[in-house]
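Here the structure comes first, spelled out in structure tokens, and everything after it is commentary.
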Amino acid sequence: MKFHNKALAQSVAYALAIAGSSLAITNTARAQESPTPQKIEKVEVTGSGIKRIEGEGALPITVITRSDIDKSGATTAIELLQLISANTSSGNISLGNVIGALTFSSQTASLRGLGGGRTLVLINGKRASGFAGEVNGVQGVNLAVIPFAAIERVEVLKDGASAVYGSDAIGGVINFILRQDYRGGEVTIYAGAPTRSGGGAQQTISGAAGIGDLTTDKFNVVVSASYNDQKNLVQRDRNFSNTAYRADIGLDSTSSHTFPARITTGGIGAITVTQAGVASLAAPNNCAPSSFISGGCRFDPSSYPGVNMIPNDKQLNLFSSARVQLSNGWLAYVTALYSKDETRYRIQPAPFSSSFGYGKNTEISGAITLQPSSRFYPTAIAAAAGVGGQPLDVRYRSIETGLRDTTDTNDSSQIVTGVKGSWRNWDWDGAFSNGEGNIRSHDNGGKPLLPQFYALVNSGVVNFFGPNTPDIINKLQA
């Protein structure tokens with residue numbers, strides 16, 4: 001078998017040879033012009049276990065400096081990470097996601113949209129404690145634990161680093177470098193409010209102080225504290241969020257669980273019934289507090305009074321760091337942090353129907369059935385629909401039990417102590433870390449005790465289609 005050297009292959013080989021020669025000549029010239037090599041300090045880079053020249057990196061790292069933080073106007077870690085394009089809304093949890101979802105008011109990052117469980121969060125290169133209330137879809141580190149006033153810079157590795165850190169770094173790494181050599185003191189007071197009414201004001205006070213120089217005093221101590229109070233904002237107070245129905249853009253997030261209630265049996269729909277038991281089909285003028293949308297009564301959660309778009313959030317952070325320079329270049333260090341985050345949010349009154357269940361595994365049907373024996377049974381309307389005398393399945397919005405009101409409280413603490421230095425041409429860093437987190441979720445109101453509630457509403461004494469008597473309202477609220 002013969003091999004033929006084609007003309008194209010010869011041209012490519014010749015071009016590569018010429019390029020290689022030019023490259024060699026250029027490198028030689030630069031080597032001759034370079035001055036005497038200077039000692040270059042090596043620094044640790046997030047995403048690598050190898051020390052490199054400062055500014056040199058093997059992976060794409062974005063650094064947010066303290067100056068960048070001050071210019072950004074951010075007041076919390078979650079706000080700061082919104083500056084990173086790789087931190088997407090897909091998979092992350094923020095205060096806006098709290099509304100209507102089981103998140104226990106966590107705030108997590110999501111690099112490349114892979115979620116908090118695949119985005120590693122470090123503090124000074126050490127792993128931060130995971131979220132204590134972790135449930136499906138809410139994983140990773142609660143960013144509320146980051147002491148914002150103590151941040152010196154943030155290094156964001158926007159590529160996977162599972163080979164260095166493990167599977168929780170598939171999405172990337174966020175390394176919060178806290179102040180360690182700070183000397184002096186500062187206090188910052190911030191207050192802001194939207195240009196429109198309806199809430200949403202914010203107040204922040206923070207301070208930091210540090211003493212000691214590692215070079216001359218052989219020690220450095222830094223302490224910082226911050227308190228942030230974010231007031232709630234109601235959805236109906238903004239024209240971009242005051243309705244869940246926008247026909248012009250094809251948006252319809254309204255609900256069929258209404259008040260007056262909707263009868264699904266026979267396709268009857270929403271009706272109204274007086275206390276005397278006179279029933280009529282719901283019309284535009286008696287749909288309230290539901291809305292007459294697309295030819296029928298629908299519940300619009302965004303327009304309902306008091307429903308939060310942003311919850312009330314109070315966040316306290318404390319941080320301290322101490323470092324002592326030992327002999328032979330060894331360094332002893334200890335850092336401690338504590339955070340408390342209290343979030344209160346209100347959402348629309350609870351819906352009830354056969355679409356839901358309850359019990360340990362929702363194995364108990366949540367059906368609400370109106371029996372023919374009830375004085376609120378719409379006899380004529382049911383007969384006209386061909387379901388007269390049958391129990392009627394009802395979709396009901398429990399307006400009279402009020403907004404669902406919840407307060408989540410997250411406490412977290414962590415202490416890291418260790419020593420690091422060089423010995424026998426090896427860099428050593430040994431540390432002990434202990435972290436603890438607690439989550440408490442408290443129902444302030446609006447969430448009925450289900451077994452008692454279903455027993456009452458299925459007894460036939462509750463009017464699902466109009467106002468109830470004070471006695472029945474008291475029983476519902478009890």
Side-chain angles (χ1 to χ4, degrees), residues 35-57 61 63-72 77 80 122-128 145-156 174-189 205-227 317-339 413-435:
T36 303
Q38 302 293 321
K39 182 179 179 181
I40 301 175
E41 182 181 358
K42 297 286 187 174
V43 296
E44 295 179 10
V45 178
T46 301
S48 173
I50 303 173
K51 291 189 176 183
R52 299 173 179 273
I53 302 171
E54 187 172 7
E56 173 194 2
I61 296 178
V63 179
I64 306 175
T65 65
R66 186 68 217 182
S67 176
D68 297 330
I69 295 172
D70 293 337
K71 294 175 183 177
S72 71
L80 181 62
L122 306 175
I123 299 177
N124 291 338
K126 302 292 191 296
R127 291 175 182 269
V145 308
I146 305 298
F148 189 79
I151 297 176
E152 178 179 302
R153 69 181 187 277
V154 184
E155 296 178 355
V156 182
I174 303 173
N175 190 6
F176 291 91
I177 309 298
L178 306 184
R179 291 173 169 174
Q180 301 178 76
D181 295 321
Y182 179 73
R183 296 183 300 278
E186 64 180 40
V187 175
T188 302
I189 299 175
I205 181 170
S206 63
I211 59 172
D213 188 312
L214 276 178
T215 304
T216 58
D217 302 322
K218 304 300 182 182
F219 78 94
N220 177 257
V221 177
V222 179
V223 295
S224 75
S226 64
Y227 178 76
N317 289 101
L318 304 174
F319 170 77
S320 63
S321 169
R323 303 201 301 166
V324 178
Q325 188 70 56
L326 304 177
S327 61
N328 299 325
W330 285 79
L331 183 74
Y333 59 90
V334 58
T335 60
L337 62 85
Y338 170 79
S339 73
S413 61
Q414 185 170 14
I415 184 170
V416 178
T417 181
V419 292
K420 62 181 179 179
S422 297
W423 181 65
R424 292 184 179 273
N425 296 324
W426 285 82
D427 291 329
W428 299 79
D429 187 348
F432 170 81
S433 175
N434 182 71

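- Checked against side chain to side chain contact (heavy atoms under 4.5 Å, CB included), S67 has the following partners two or more places apart in sequence or in another chain: T65, K71.
- The side chain to side chain contact (heavy atoms under 4.5 Å, CB included) test applied to A209 returns V223, not counting sequence neighbours.
- In this structure, CZ on R179 lies 10.5 Å from CZ on F319, to the nearest 0.5 angstrom.
- In this structure, CZ in R127 is found 11.5 Å from CG in N175, a value given to the nearest 0.5 Å.
- Taking CG of N434 as the start and OG of S413 as the end, the distance is 7.5 Å to the nearest 0.5 Å.
- Qualifying side chain to side chain contact (heavy atoms under 4.5 Å, CB included) partners for V416, counting only residues two or more places apart in sequence or in other chains: K126, Y333, T335, Q414, A431, S433.
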**Q.** Chi angles and distances behind the salt bridge (charged side-chain N to carboxylate O under 4.0 Å, His left out) call for E186, R66
**A.** CA-CA 14 Å; E186 64 180 40; R66 186 68 217 182; 5.2 Å; no
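- Sequence neighbours left out, the pairs with a member in residues 321-333 that pass salt bridge (Lys or Arg N to Asp or Glu O under 4.0 Å) are D181-R323.
- Contact annotation: the side chain of I174 approaches that of V154 to within less than 4.5 Å [non-hydrogen atoms, C-beta and beyond].
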Q: Starting from the C-alpha separation in whole Å, work towards a yes-or-no answer on salt bridge (charged side-chain N to carboxylate O under 4.0 Å, His left out) for K420 and D427.
A: CA-CA 8 Å; K420 62 181 179 179; D427 291 329; over 6 Å; no
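- Residues forming a side chain to side chain contact (heavy atoms under 4.5 Å, CB included) with I205 (at least two apart in sequence, or on another chain): I189, Y227.
- A 4.5 Å side-chain heavy-atom check between L178 and P147 finds at least one atom pair inside the cut-off.
- Rounded to the nearest 0.5 angstrom, I123 CD1 and I177 CD1 are separated by 10.0 Å.
- The number of heavy-atom neighbours closer than 6.0 Å to CH2 of W330, taken from other residues, nucleotides and ligands shown, is above 12.
- Annotation: salt bridge (Lys or Arg N to Asp or Glu O under 4.0 Å) contacts of D217 (sequence neighbours excluded): none.
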